[in-house]
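For reference, the structure discussed in these notes is given below.
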Protein chains: 2
Amino acid sequence: MPDDTTRIQKNRRAQILEAGLDVFSAEGFNGATLDGIARAAGLSKPNLLYYFPSKEAVYVALLNGLLDTWLDPLRALDPAGDPVEEVLGYVRRKLHLARDYPRESRLFAGEILRGAPQLQPELSGTLRRLVDTHARQIGDWMAAGRLATSDPHHLIFSIWALTQHYADFEVQVRAVLGAERDPWAEAEREVQAHFARVLTPTG
Amino acid sequence: MPDDTTRIQKNRRAQILEAGLDVFSAEGFNGATLDGIARAAGLSKPNLLYYFPSKEAVYVALLNGLLDTWLDPLRALDPAGDPVEEVLGYVRRKLHLARDYPRESRLFAGEILRGAPQLQPELSGTLRRLVDTHARQIGDWMAAGRLATSDPHHLIFSIWALTQHYADFEVQVRAVLGAERDPWAEAEREVQAHFARVLTPTG
DNA sequence: TGAGATTTTGACCATCCGGTAAAGCGACGT
DNA sequence: ACGTCGCTTTACCGGATGGTCAAAATCTCA
């Protein structure tokens with residue numbers, strides 16, 4: 001009783017999702033067209049619709065598949081580790097995620113920016129619970145004097161905001177820095193230093 | 001020789017821009033429809049097109065009108081003031097701008113997210129020059145030991161990222177914090193404290 | 001090889017959308 | 001009273017787009 005999806009089905013679905021990620025992240029849900037996605041996937045439009053029932057289905061499949069990956073770095077926080085190191089590690093992983101998967105980051109950003117029509121349940125469900133859990137962890141570290149004190153939720157927001165900024169607003173960052181500079185290399189240094197300052201408790 | 005635009009033209013154009021801001025910021029350029037904008041403005045679609053030649057014209061009119069307002073807080077940096085106070089003041093003004101004009105913030109974010117098809121010249125022109133100027137000012141303050149040292153450009157990015165996050169990703173912020181909490185009130189406190197920590201030079 | 005299931009295609013459809021054309025309407029000056 | 005000018009509306013068009021369908025091509029496996 002192994003799954004009844006053939007090898008070719010797996011491949012085609014993967015192709016379509018890859019193409020959908022490309023197109024949706026660049027044009028947004030409304031800007032993307034089935035023809036465009038199909039072309040990017042090397043298929044005809046009806047062929048694409050043989051594997052997914054609708055444009056929206058491709059979109060939500062992408063979003064759902066994304067959320068877990070996106071939240072993994074947060075889950076990796078180790079209560080037994082050194083607090084500053086742990087949170088800085090989270091910052092680093094999140095920044096690398098934005099650097100290595102900018103299309104995913106932009107897809108996400110577009111969905112949230114439009115009011116999260118598809119993702120809202122996940123936001124106030126899975127996401128909220130996960131954040132609450134780790135915010136509590138961070139709060140404990142602060143209470144123990146092992147992290148500079150602030151509101152843990154807003155600290156997490158600041159990490160999201162800063163790391164994703166480099167992916168979501170990449171054109172702006174590049175325009176402002178100029179073509180000679182390397183945004184991601186600098187971001188690595190600067191973001192790390194920024195949060196080292198924010199997190200390290202004052203003697 | 002006074003301008004030949006009548007009073008009613010001024011009013012209608014303003015109505016249309018207001019409606020366009022509403023619709024474009026909520027649905028994005030592709031998601032927005034002329035009918036939708038016209039309805040929001042209390043006009044018929046052909047009537048709207050009597051005042052603007054195309055959908056894109058409404059959109060770019062909005063963007064152009066916006067950029068100046070958006071950059072005003074940066075221009076207000078006073079070289080003669082106290083560095084920490086000045087930059088914290090910039091943070092506060094930028095946060096208030098995001099709080100009071102979330103539609104503008106989201107319109108902007110959407111444009112950048114899609115690669116700034118309309119705004120790119122402004123980004124590498126006006127914006128870059130303005131940022132360079134003030135980055136140099138901030139750099140001087142740092143060199144004088146009156147601000148904690150970092151890369152001024154990335155410091156500015158971090159201010160943009162953090163303040164706009166509360167407007168652009170408002171649904172996510174609200175979902176994570178829960179309905180009882182007041183994101184903007186907390187943001188005011190937390191963002192201020194965050195940057196106080198980042199900016200204040202160590203003894 | 002051949003039957004049956006799976007995959008692919010081309011032709012087609014209904015709807016929506018940006019934009020146009022032309023006629024109607026109201027105020028105002030002569 | 002009438003013509004003109006500025007504003008508004010009704011009717012319409014062409015193209016794009018999401019999606020359907022039935023037939024054709026291809027693959028699988030006995």
Side-chain angles (χ1 to χ4, degrees), chain A residues 1-64 107 110-111 114 117-118, chain B residues 1-64 107 110-111 114 117-118:
Chain A
M1 66 176 17
D3 66 310
D4 55 349
T5 65
T6 69
R7 183 180 67 265
I8 183 162
Q9 277 177 351
K10 277 206 185 71
N11 288 343
R12 286 281 187 264
R13 277 177 199 271
Q15 280 179 33
I16 292 169
L17 289 176
E18 166 69 19
L21 180 58
D22 237 44
V23 177
F24 280 130
S25 70
E27 326 258 9
F29 179 78
N30 289 304
T33 72
L34 279 176
D35 272 308
I37 299 170
R39 199 177 326 121
L43 293 149
S44 65
K45 179 173 63 170
N47 200 178
L48 185 156
L49 286 166
Y50 173 76
Y51 292 99
F52 287 89
S54 69
K55 176 182 170 183
E56 196 174 297
V58 180
Y59 185 69
V60 306
L62 276 170
L63 284 182
N64 288 337
L107 184 72
E111 166 72 7
R114 299 287 159 252
Q118 309 294 338
Chain B
M1 71 178 316
D3 66 310
D4 55 350
T5 63
T6 69
R7 186 181 63 264
I8 184 163
Q9 276 178 351
K10 278 204 184 74
N11 288 342
R12 286 281 186 265
R13 277 178 200 272
Q15 279 179 32
I16 292 168
L17 289 176
E18 165 69 20
L21 180 57
D22 237 45
V23 177
F24 280 130
S25 70
E27 326 258 8
F29 179 78
N30 288 305
T33 73
L34 279 177
D35 272 308
I37 298 171
R39 199 177 325 122
L43 293 150
S44 65
K45 178 174 62 172
N47 201 178
L48 185 156
L49 286 167
Y50 174 75
Y51 293 98
F52 288 88
S54 68
K55 175 182 171 182
E56 194 173 297
V58 180
Y59 184 69
V60 305
L62 275 170
L63 284 182
N64 288 338
L107 183 73
E111 166 72 7
R114 297 289 158 253
Q118 308 294 338

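Proteins get letters first, then strands, A, B, ... in listed order; numbering begins at 1 in each.
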Between D:dC7 atom P and B:Lys10 atom NZ, what is the distance in whole Å?
-> 12 Å
Could you state the atom-to-atom distance from CD of B:Gln9 to P of D:dG6 in whole Å?
-> 8 Å
Protein proximity profile, nucleotides 18-25 of chain C - base contact B, sugar-phosphate-only contact S, no contact -, cut-off 4.0 Å on heavy atoms | BBBB----
Nearest whole angstrom, please: distance from the P of D:dT8 to the CZ of B:Arg13.
-> 12 Å
Between B:Leu48 (CG) and D:dT9 (C1'), how many Å, whole number?
-> 14 Å
Set of side-chain hydrogen bond (donor to acceptor under 3.5 Å, both in side chains) partners for B:Glu18, sequence neighbours left out | B:Arg103
Between A:Tyr59 and A:Phe24, what is the ring plane arrangement, given parallel below 30°, perpendicular above 60°, and tilted in between?
-> perpendicular
Starting at CG of B:Asn11 and ending at P of D:dG6, how long is that distance when rounded to a whole Å?
-> 17 Å
Gap between atoms CG and C1', on B:Asn47 and D:dA11 respectively (whole Å) = 16 Å
In whole Å, what is the span from the CD atom of B:Glu27 to the C1' atom of C:dC16?
-> 15 Å
A:Leu43 has an atom CG; how far is it from atom P of D:dA25, in whole Å?
-> 19 Å
Does B:Tyr50 place a side-chain N or O at less than 4.0 Å from the phosphate oxygens OP1/OP2 of D:dC7?
-> yes
